Amino acid sequence: MRVMITIFVLSPFHLFTFSPLSAQTNDSTFNHFFLEAMVQRQKGHHDAAFDLLRHCRDLNPNAPEVYYFLGQYYAALKQQDESMACVKKAAELDPENATYMETLAQAYISRQDYASAIPVIKGIYERDKSQEDMLEMLFQLYQQVEDYDNAISVLNQLEQNDGKNERLSLAKCALYNRLGKNKEAVKEMAALAKQYPNDLNYKAMYGDALLMDDQTDEAVDIYHQILDEDADNTRVLLSLRNLYQGLEHHEIADSLTRRVLLGSHATTEEKLRLMRQEIQASEAGDGDSTRVLGLFRRVLALPQSDAEMALLCASYMNAKKMPRDTITPVLEQAVAISPDYAPARMQLVAYAWEADNMDRVIALCQEARQYTPDEMLFYYYQGIAYYRRDSLDCALSAFQNGIGVITNESDPAIVSDFYAVMGDILHQKGKALEAFAAYDSCLVWKADNIGCLNNYAYYLSERGERLTQAEEMSFKTVKAEPKNATYLDTYAWILFMQGRYAEAKVYIDQALQHMDDQKENAVIIEHAGDIYAQNKDITRALSFWQDASEKVPENTLLARKIKLKKYLKE
């Protein structure tokens, strides 16, 4: 049975080169089939190559190159145990071959058998000490098996090869600390500081190591030596702050906190980290925000290179449920620093929206569109704000511009509402066909947009068009919200337009039951009169028409219905 192979995996280390004649045999038959296997492999005929290699193994079970390539094919076939057996056999038959050994090591590592990989990697390095990357791998493997003493030995070897440097010394120091050998860590950092006496960073590391070894006085002495040379050394100031916090010398720690936050040497990231620590400490204590907000105020009074600190402050104020009028200036500062930071501006838009300040929403969104022209939400909220102000042309323009930034990654619900509101505007402007096209686009993005389904269905019924489709759409809204008077009225009216008066009466009664006492309900009440009239109940019809007329006395059609005591079309 022929096995079809469609995946081929190359060696994870590098391409393998070999002599076409096996070192273990002079058998011409074996050589013929092995060379043919390599030809088929190069041509991409891997199923044929696989068959030929298995035949070669039968001819010469001691040819390592055969096992090497078979291991790759078994890996491609997801037969990992067979693959591993072949890789081990190749390495066993030819342990001097670096490719075989590296492949074996990688196979062990892929199985997370780090202990087995270690002697293989050591052997590769011993045979070729130019492969320093093998030492790096050994270092990682020893850490995986928690053999920290041998990991340190590897670092010493790397240091012997490359010289002492920060990376190696820090790694050794960390390992010494894991082993509880703090004095060894101190010696390591002392040696690094001595080798580079002008590097205050290494001297600070030496101080940190002394502190880890509970040599507090010596560490403080080192820190003050550094501050004599560099009074604003952030690393040392933070180390001292942490020390005095641990000793509960809060006044000294607080003064160091202010020194870092209000100084010009600390990076934004360092200041942010420090402020987060202050927030966490405050929340773990009495939760009093006074001190934290005081720090924020003093920091934000200084020139800021980016908006991150203002945003952290706003986030904290939000978490503490502070009044929005106190958060707004902080967000405005963030926007002033980074005008293209959309989340801060969006928060301002949300505040203005909740305050029903549509003019501010419009202004914020207009400015935002200049800095973040691809952010769809600013077009959306600006369009809605214009719509609520009855500025239909401006609203339509905002929505139409926003459609230009819609992508496949856009929120379908927002895009759907884009088109839904556009449809409503176009209908109000007397452009029914364009409105229906917008509604169709809305439903492509979100087929269950209930508001769109209701309006679309109602406007179709008003025109007496596609009533079957209108009924289907309207029924979805009634099913979704069975107590919504508007949706019930729409469905009743569509049934009425279809001449299904008895069914229409059932749903208009439900609409009347659930409606509020508002002027807008005059339409529902008038529809009730029309439906009852067509159901031959003129007395009830007149009562409904009269109620509706009281709400909208300017409706002349209602007056005519009442006068003539019968249903009239417009």
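Given the structure is predicted, the values throughout are model-derived calculations rather than measurements.
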Nearest heavy-atom pair of Ala209 and Ala185: which atoms, and what distance?
CB-O, 4.2 Å
Assess whether atom NZ of Lys483 is packed by more than 12 heavy atoms of other residues, nucleotides or ligands within 6.0 Å.
no
Would you please test Lys203 and Ile222 for side chain to side chain contact (heavy atoms under 4.5 Å, CB included) and show each step?
CA-CA 7 Å; Lys203 198 168 187 177; Ile222 292 293; 4.0 Å; yes
How far does NE2 of His250 sit from OG of Ser255, to the nearest 0.5 angstrom?
13.0 Å
4.5 Å side-chain heavy-atom contact, Met137 and Ile109
yes
Establish, from distance only, whether the side-chain atoms of Ser239 and Asp208 form a donor-acceptor pair under 3.5 Å.
yes
Measuring from Gln131:CD to Glu126:CD, what's the distance to the nearest 0.5 Å?
12.0 Å
Is it true that Asp393 and Lys429 have a side-chain N and a carboxylate O under 4.0 angstrom from each other?
yes
Closest heavy-atom contact between Ile425 and Leu392?
CG2-O, 3.8 Å
Where the side chain of Lys271 meets the backbone of Gly263, is there a donor-acceptor pair that is under 3.5 Å apart?
yes
Intermediate values then yes/no, side-chain hydrogen bond (donor to acceptor under 3.5 Å, both in side chains), Asp221 and Gln225
CA-CA 6 Å; Asp221 184 54; Gln225 289 178 31; 3.0 Å; yes
Over all heavy atoms of both residues, which pair between Val292 and Ser282 is shortest? Give the atoms and the distance, please.
CG2-CB, 3.7 Å
Minimal heavy-atom distance between Ala105 and Ile121, with the atoms involved, is CB-CD1, 3.4 Å
Ring pair (Phe, Tyr, Trp, His ring centres under 6.0 Å) partner of Phe418, chosen from Tyr381, Tyr379, Phe399
Phe399
How about Arg298: does its CZ atom have over 12 heavy atoms from other parts shown lying under 6.0 Å from it?
no
What I want to find out is whether Lys187 reaches Asp213 closely enough, with some N-O distance under 4.0 Å, to be called a salt bridge.
no
Using 30° and 60° as the class limits, which term best fits the ring planes of Tyr459 and Tyr439: parallel, tilted or perpendicular?
parallel
Side chain to side chain, Met84 and Leu104, heavy atoms closer than 4.5 Å:
yes
Minimum heavy-atom distance between Gln245 and Ala253, given as atom pair plus value
CG-CB, 3.6 Å
Examine distances only and state if a side-chain atom of Asn401 and a backbone atom of Ser397 form a donor-acceptor pair shorter than 3.5 Å.
yes
Between Ala115 and Pro119 the two heavy atoms that sit nearest each other are O-CD, 3.1 Å
Between the main-chain N or O of Val299 and the side-chain N or O of Gln304, is there a donor-acceptor pair closer than 3.5 Å?
yes
Quick one: list whatever passes side chain to side chain donor-acceptor pair (under 3.5 Å) with Gln277, sequence neighbours left out.
Arg241
Strictly distance-based, threshold 3.5 Å: is any side-chain N or O of Tyr380 a donor or acceptor partner for the main-chain N or O of Val415?
no
Do Asp411 side-chain atoms and Ala413 backbone N/O form a donor-acceptor pair below 3.5 Å?
yes
For the pair Glu278 and Arg291, find out whether any cationic side-chain nitrogen is under 4.0 Å from an anionic carboxylate oxygen.
yes
Are the side chains of Leu175 and Gln143 in contact, using a 4.5 Å heavy-atom criterion?
yes
Is any side-chain heavy atom of Phe296 closer than 4.5 Å to a side-chain heavy atom of Val330?
no
Heavy-atom distance under 4.5 Å between the side chains of Glu166 and Asp199, does that happen here?
no
Please determine, by modelled atom types, if Asp133 and Tyr125 share a side-chain donor-acceptor pair under 3.5 angstrom.
no
Are any side-chain N or O atoms of Asp230 and backbone N or O atoms of Ile226, one a donor and one an acceptor, separated by less than 3.5 Å?
no
Where do Lys479 and Asp448 land on the salt bridge (Lys or Arg N to Asp or Glu O under 4.0 Å) test, with the steps shown first?
CA-CA 11 Å; Lys479 190 175 181 180; Asp448 61 347; over 6 Å; no
Measure the spacing between OH of Tyr458 and CE of Met473 and express it to the nearest 0.5 Å.
14.0 Å
Indicate yes or no: at least one non-hydrogen side-chain atom of Asn201 is less than 4.5 angstrom from one of Met205.
yes
May I ask you to decide if Cys442's main-chain N or O and Ser416's side chain share a donor-acceptor pair within less than 3.5 Å?
yes
May I have the step-by-step check of side chain to side chain contact (heavy atoms under 4.5 Å, CB included) for Val120 and Ser116, ending in yes or no?
CA-CA 7 Å; Val120 179; Ser116 296; over 6 Å; no
What's the verdict on side chain to side chain contact (heavy atoms under 4.5 Å, CB included) for Tyr371 and Val335, showing C-alpha distance, side-chain angles and the deciding distance?
CA-CA 11 Å; Tyr371 292 102; Val335 168; over 6 Å; no
Answer yes or no: is there an ion pair linking Glu308 with Arg276, defined by an N-O contact shorter than 4.0 Å?
no
For the atom pair CE (Met317) and OG1 (Thr326), what is the distance rounded to the nearest 0.5 Å?
4.0 Å
Arg178 CZ: over 12 foreign heavy atoms closer than 6.0 Å:
no
Under a plain distance cut-off of 3.5 Å, with no hydrogens placed, do Gln80 and Arg111 share a side-chain donor-acceptor pair?
no
Just wondering, do Asn484 and His514 contact through their side chains at under 4.5 Å, heavy atoms?
no
Return the CG to OG1 distance between Leu210 and Thr216, rounded to the nearest 0.5 Å.
9.5 Å
Testing the 3.5 Å rule here: is there a donor-acceptor pair between the side chains of Gln157 and Asn161?
yes
Checking side-chain hydrogen bond (donor to acceptor under 3.5 Å, both in side chains) for the pair Asp440/Tyr456: CA distance, chi angles, key distance, verdict?
CA-CA 9 Å; Asp440 285 332; Tyr456 196 178; 2.9 Å; yes
Check the pair Leu211 / Leu243 against side chain to side chain contact (heavy atoms under 4.5 Å, CB included), numbers first and verdict last.
CA-CA 9 Å; Leu211 205 58; Leu243 169 63; 3.9 Å; yes
Is it true that Gln428 and Tyr387 share a donor-acceptor pair across their side chains at a distance under 3.5 Å?
yes
Under the 3.5 angstrom rule, does the side chain of Arg345 hit a backbone N or O of Phe378 as a donor-acceptor pair?
no
Looking only at atom types and distance, does a side-chain atom of Ser169 sit under 3.5 Å from a main-chain N or O of Met189, one as donor and one as acceptor?
no
Could you measure the distance from the OH atom of Tyr114 to the CG atom of Leu141? Nearest 0.5 Å is fine.
8.0 Å
Salt bridge check, Lys320 against Glu283: does any charged N sit closer than 4.0 Å to a carboxylate O?
yes
Is it true that atom CE of Met212 has more than 12 heavy atoms of other residues, nucleotides or ligands lying nearer than 6.0 Å?
no
Just wondering, do Thr490 and Asn455 contact through their side chains at under 4.5 Å, heavy atoms?
no
Around Glu251, counting heavy atoms of other residues, nucleotides and ligands shown, do more than 12 lie under 6.0 Å from its CD?
no
